[in-house]
Amino acid sequence: MAADTRFIQTAAAALPGGHYSQAVAYQGLLHVSGQLPVRPDGSHAVAASFAEQAQIALDNLCAILAAAGRGPQDLLKVTVYVVGIEHWPTFDRLYAGFLGEHRPARAVVPVPQLHHGYLVEIEALARAD
């Protein structure tokens, strides 16, 4: 592993449920793994509304950015996986509130299903330094 590789982990976001890191910083970029709406204590929010699930996933993303010394203004690219494209307007509203005037590149990808039956997953690329 390269000497300038940094693995980010924080208890303020859901800990990985598999063989991966919450985020990896390398060569000036922070690669944030897909964040499901799992609460920091590990409890699942699969029965929550789409809006609640999206907020938990965004909170996890924000906590990981903070653990890396970054914030939402450092996001460069966000990929959002959504079960049911009808949720897109709700997500867009929450996302705009989360980011304010900052507008990173983004893709919203409709998918048939996500792990544990969740409705949203968010992964991101951000500045690391």
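Applying the under-4.5 Å side-chain rule to Ile, Leu, Val, Met, Phe, Trp and Tyr, the cluster around L76 extends to L29, L125.
Of the listed residues (V78, V32, V82), just one forms a side chain to side chain contact (heavy atoms under 4.5 Å, CB included) with I122, and that residue is V78.
Linking Ile, Leu, Val, Met, Phe, Trp and Tyr residues whenever their side-chain heavy atoms come within less than 4.5 Å leaves L15 and F7 in two separate clusters. A chain of hydrophobic side-chain contacts below 4.5 Å, direct or via other Ile, Leu, Val, Met, Phe, Trp or Tyr residues, connects V80 to W88. Connection of V24 to L65 is not established within any shared hydrophobic cluster, with ILVMFWY side chains joined at heavy-atom distances below 4.5 Å, either directly or through further cluster members.
Atom CD of Q55 and atom SG of C62 lie 9.5 Å apart (nearest 0.5 Å). Rounded to the nearest 0.5 angstrom, I56 CD1 and L61 CG are separated by 14.0 Å. Rounded to the nearest 0.5 Å, atoms OG (S49) and CG (L119) are 9.0 Å apart. The distance from atom CG of L30 to atom CD of Q22, rounded to the nearest 0.5 Å, is 10.5 Å.
Residue pairs meeting the ring pair (Phe, Tyr, Trp, His ring centres under 6.0 Å) criterion with at least one member in residues 46-84, sequence neighbours excluded: F50-H87. Residue pairs meeting the salt bridge (charged side-chain N to carboxylate O under 4.0 Å, His left out) criterion with at least one member in residues 103-115, sequence neighbours excluded: D92-R106. Residue pairs that meet the ring pair (Phe, Tyr, Trp, His ring centres under 6.0 Å) test with at least one member in residues 12-37, sequence neighbours left out, do not exist here. The salt bridge (charged side-chain N to carboxylate O under 4.0 Å, His left out) contacts involving residues 120-129 comprise D74-R127, where partners must be two or more places apart or lie in separate chains. Sorted by first and then second residue, the salt bridge (charged side-chain N to carboxylate O under 4.0 Å, His left out) pairs involving residues 38-64 (not counting sequence neighbours) form an empty list.
Residues passing the side chain to side chain donor-acceptor pair (under 3.5 Å) test with T79, sequence neighbours excluded: K77. Listed by chain and number, the residues in a ring pair (Phe, Tyr, Trp, His ring centres under 6.0 Å) with H116 are H44 (sequence neighbours excluded). Take A67 and apply the side chain to side chain contact (heavy atoms under 4.5 Å, CB included) test, not counting sequence neighbours, and it matches I8, T10. Residues passing the side chain to side chain contact (heavy atoms under 4.5 Å, CB included) test with H115, sequence neighbours excluded: L36. Take Q73 and apply the side chain to side chain contact (heavy atoms under 4.5 Å, CB included) test, not counting sequence neighbours, and it matches no residue.
In this structure, Y95 and V108 have side chains that are not in contact, with every pair of non-hydrogen atoms separated by 4.5 Å or more. Residues Y118 and V83 are not in side-chain contact: their nearest non-hydrogen atoms beyond the backbone lie 4.5 Å or more apart. Residues N60 and P40 form a side-chain contact, since some pair of their non-hydrogen atoms from C-beta on lies under 4.5 Å apart.
Nearest approach of L75 to A124, heavy atoms of both residues: CD2-CB, 3.6 Å. Contact record, P37 with A45: O-CB, 3.3 Å, taken as the closest heavy-atom pair.
The closest donor-acceptor contact from the side chain of Q53 to the backbone of A48 lies under 3.5 Å.
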